[in-house]
Amino acid sequence: MTLTAPATTPRPRLLSPAYAVTTVGMFALCALVAFEALAVTTVMPTVADELDGVGLYALAFAAPLASGVVGMVSAGAWSDRRGPAVPLVASLVLFAVGLVVCGTAPSMEVLVAGRVLQGLGGGALTVGLYVLVGLVFPAVLQPAVFASFAAAWVLPSLFGPALAAWVAHAIGWRWVFLGAVALAAAAGALVAPALRRVGTTAAGEPTPRSRLAWALVGAAAVLALDAFPPAALVVLLALRQLLPAGALLARPGLPSVIGTRGLMSASFFAAEAYIVFVLEENWGLSAGIAGLALTGVGVPGQRPARSSPGSASGSRTPR
C-alpha cells in the first residue's frame with residue numbers, strides 16, 4: 001500500500017497575488033499620512049513666516065489633531081452601518097481637498113481651515129483602513145498588515161523632513177502640500193479593487209450618535225482653548241464620554257494603558273512640532289538641518305503619529 005502525504009494549503013502571504021496590490025496601496029496611504037505630518041512640521045515655520053501667521057502656529061497643529069478625532073468617530077460609525085468603502089473614499093477626498101486648500105492658502109487662517117479638513121480626512125482614513133484589514137485579510141495575515149502600518153509611520157521619518165525641506169527650497173513650500181495630492185490619488189487607486197469587493201458590507205454594531213456629538217464638542221473646545229482657557233473643562237468632559245470608563249483616572253487594565261498612551265503621545269507631538277520651530281527661529285538653522293531632529297526620532301523606533309508645538313522668544317513666539 002502506498003501512503004501519500006495529505007495535501008496542505010499554502011500559507012497566505014501579504015505579497016501573494018491575491019493581496020499584493022491591496023497591501024501596497026494600504027501601506028502607501030499610511031505612509032502618505034505620516035509623510036505629510038512630518039513634511040508639514042518641517043516647513044511650518046517657513047509657512048508661518050510667509051503668511052505672517054506665527055500667532056496661529058500652534059493652531060495649525062491643533063486643528064488636524066482635534067478634527068481627526070471627529071473623523072475617526074464618524075468613520076467608525078459610518079463603517080459599522082455601511083462598510084468601509086464609501087467612508088474610505090470620502091476620507092481620501094477630504095484629505096486631498098485639505099491639501100489643496102493648504103497649498104493655495106492666501107493667509108494663515110485659510111491654511112488652518114485646510115488643516116481641519118486634513119485632520120478629518122486623515123483620522124477617518126486611518127479607521128477605514130483598519131476596518132478594511134478585517135474584511136479583506138484572513139486572521140493569520142492581519143498582524144503582519146498592522147506591522148506594515150507601523151513601518152509606514154517609521155520610514156517617512158528617514159526621508160520625509162529632508163525631502164520636504166528640499167521641495168520648499170527648490171519650488172516653494174506650497175508644493176509640499178500640492179505634490180501629495182497626486183500621491184494620494186495613486187495610493188487610492190491601488191486600494192480601489194479591494195473596496196469594490198467589500199462593497200457595503202456592514203462591519204459591526206451601530207455606533208451611538210452621541211459619540212459623534214461629543215467628538216464635535218471636544219474638537220471645538222480644543223480649538224477654542226487659546227482664546228478661552230476654561231474650555232479645557234469641556235475637553236475633559238468630552239474625553240470622559242469618548243474614552244473607556246476610568247481612563248482619565250488611570251484605573252488598572254485597559255483604561256490606564258489608553259490614558260498613559262494618550263499623555264505620552266500628546267507630549268511627543270508637542271515637542272516634535274516646537275523643536276523644529278526653535279531650531280529654525282532661535283538657532284537660525286535651515287529647514288533641512290532642523291528636520292534632522294525628526295529623522296533622529298524615527299531611526300530608533302516607531303513614532304506615535306502626529307504633531308503639535310512649544311516655545312520661542314520675542315514677538316515671534318507662537319501662542
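Everything numeric in this text was worked out from a predicted model, so none of it was measured.
With a 4.5 Å cut-off on side-chain heavy atoms, L38 and E272 count as touching. Residues V54 and F277 have side chains in contact (heavy-atom distance under 4.5 Å, counting atoms from C-beta outward). Counting heavy atoms from C-beta on, the side chains of L59 and M108 never come closer than 4.5 Å. Side-chain contact check for V167 versus L163: some heavy-atom pair is nearer than 4.5 Å. Side-chain contact between V86 and V89 is absent, with no heavy-atom pair separated by less than 4.5 Å. Using a 4.5 Å heavy-atom cutoff, the side chains of P87 and R82 are not in contact. Using a 4.5 Å heavy-atom threshold, the side chains of L51 and S107 count as separate. Annotation: side chain of T22 is in contact with side chain of R197 (closest heavy-atom distance under 4.5 Å).
R211 places no side-chain N or O within donor-acceptor distance of the main-chain N or O of Q241, the cut-off being under 3.5 Å. For the pair S91 (side chain) and L88 (backbone), a donor-acceptor distance under 3.5 Å is present. For the pair S74 (side chain) and G71 (backbone), a donor-acceptor distance under 3.5 Å is present. A donor-acceptor contact shorter than 3.5 Å is absent between the side chain of S265 and the backbone of G262. Side-chain atoms of T23 come within 3.5 Å of backbone N or O of L14 as a donor-acceptor pair.
To the nearest 0.5 Å, atoms CZ (R115) and CG (L120) are separated by 12.0 Å. With rounding to the nearest 0.5 angstrom, the CG atom of L243 is 11.0 Å from the CG atom of L249. Within the model, atoms OG of S67 and CG of L216 stand 10.5 Å from one another, a figure rounded to the nearest 0.5 Å. Distance check, rounded to the nearest 0.5 Å: CD1 of I258 to CG of L263 gives 12.5 Å. The CE atom of M72 sits 10.5 Å away from the CG atom of L125 when rounded to the nearest 0.5 Å. Annotation: the span from E280 atom CD to T42 atom OG1 amounts to 8.0 Å, rounded to 0.5 Å.
Clustering ILVMFWY residues whenever any of their side-chain heavy atoms sit less than 4.5 angstrom apart, transitively, puts L239 in a cluster other than the one holding V69. W283 is connected to L294 through a chain of hydrophobic side-chain contacts under 4.5 Å among Ile, Leu, Val, Met, Phe, Trp and Tyr, so both are in one cluster. In the hydrophobic cluster analysis, where Ile, Leu, Val, Met, Phe, Trp and Tyr join through side-chain heavy atoms closer than 4.5 angstrom, W166 is grouped together with F177. Residues L183 and L190 fall into different hydrophobic clusters, defined by Ile, Leu, Val, Met, Phe, Trp and Tyr side chains chained together at heavy-atom separations under 4.5 Å. One hydrophobic cluster, built from ILVMFWY side chains closer than 4.5 Å, cannot hold both V235 and L223; they sit in different ones.
The two residues A231 and L225 make their nearest non-hydrogen contact at C-CD2, 3.8 Å. Scanning both residues, A152 and A34, for their nearest heavy atoms gives O-CB, 3.7 Å. For P84 against V198, the heavy-atom pair with the smallest separation is CG-CG2, 4.2 Å. Contact between V110 and V101 at its shortest, heavy atoms only, is O-CG1, 3.7 Å. Between A215 and V70, the closest heavy-atom pair is O-CG2, 3.5 Å. When every heavy atom of A187 is checked against every heavy atom of A28, the shortest pair comes out as CB-CB, 3.8 Å.
The list of ring pair (Phe, Tyr, Trp, His ring centres under 6.0 Å) pairs with a residue in residues 110-144, not counting sequence neighbours, reads Y19-F137, Y130-F146, Y130-F149.
With sequence neighbours excluded, no residue satisfies ring pair (Phe, Tyr, Trp, His ring centres under 6.0 Å) with F27. Listed by chain and residue number, W173 satisfy the side-chain hydrogen bond (donor to acceptor under 3.5 Å, both in side chains) test with E50 (two or more places apart in sequence, or in another chain).
Within a 6.0 Å radius of CZ in R240, no more than 12 heavy atoms belonging to other residues, nucleotides or ligands are found. Within a 6.0 Å sphere centred on CD1 of I289, other residues, nucleotides and ligands contribute 12 heavy atoms or fewer.
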Apply side-chain contact (heavy atoms from CB on, under 4.5 Å) to residues L29 and L92 and explain how you reach the verdict. CA-CA 9 Å; L29 287 174; L92 193 55; 3.8 Å; yes

Output, in order, the C-alpha distance, side-chain angles, deciding distance and verdict of side-chain contact (heavy atoms from CB on, under 4.5 Å) for Y57 and M44. CA-CA 8 Å; Y57 185 92; M44 189 59 76; 3.5 Å; yes

Worked check of side-chain contact (heavy atoms from CB on, under 4.5 Å) between Q118 and L99: CA-CA 7 Å; Q118 279 186 267; L99 289 171; 3.4 Å; yes

Using the rule given for side-chain contact (heavy atoms from CB on, under 4.5 Å), can you reason through T41 versus F61, listing the C-alpha separation, both sets of side-chain angles and the distance that settles it, and then say yes or no? CA-CA 8 Å; T41 302; F61 288 97; 3.6 Å; yes

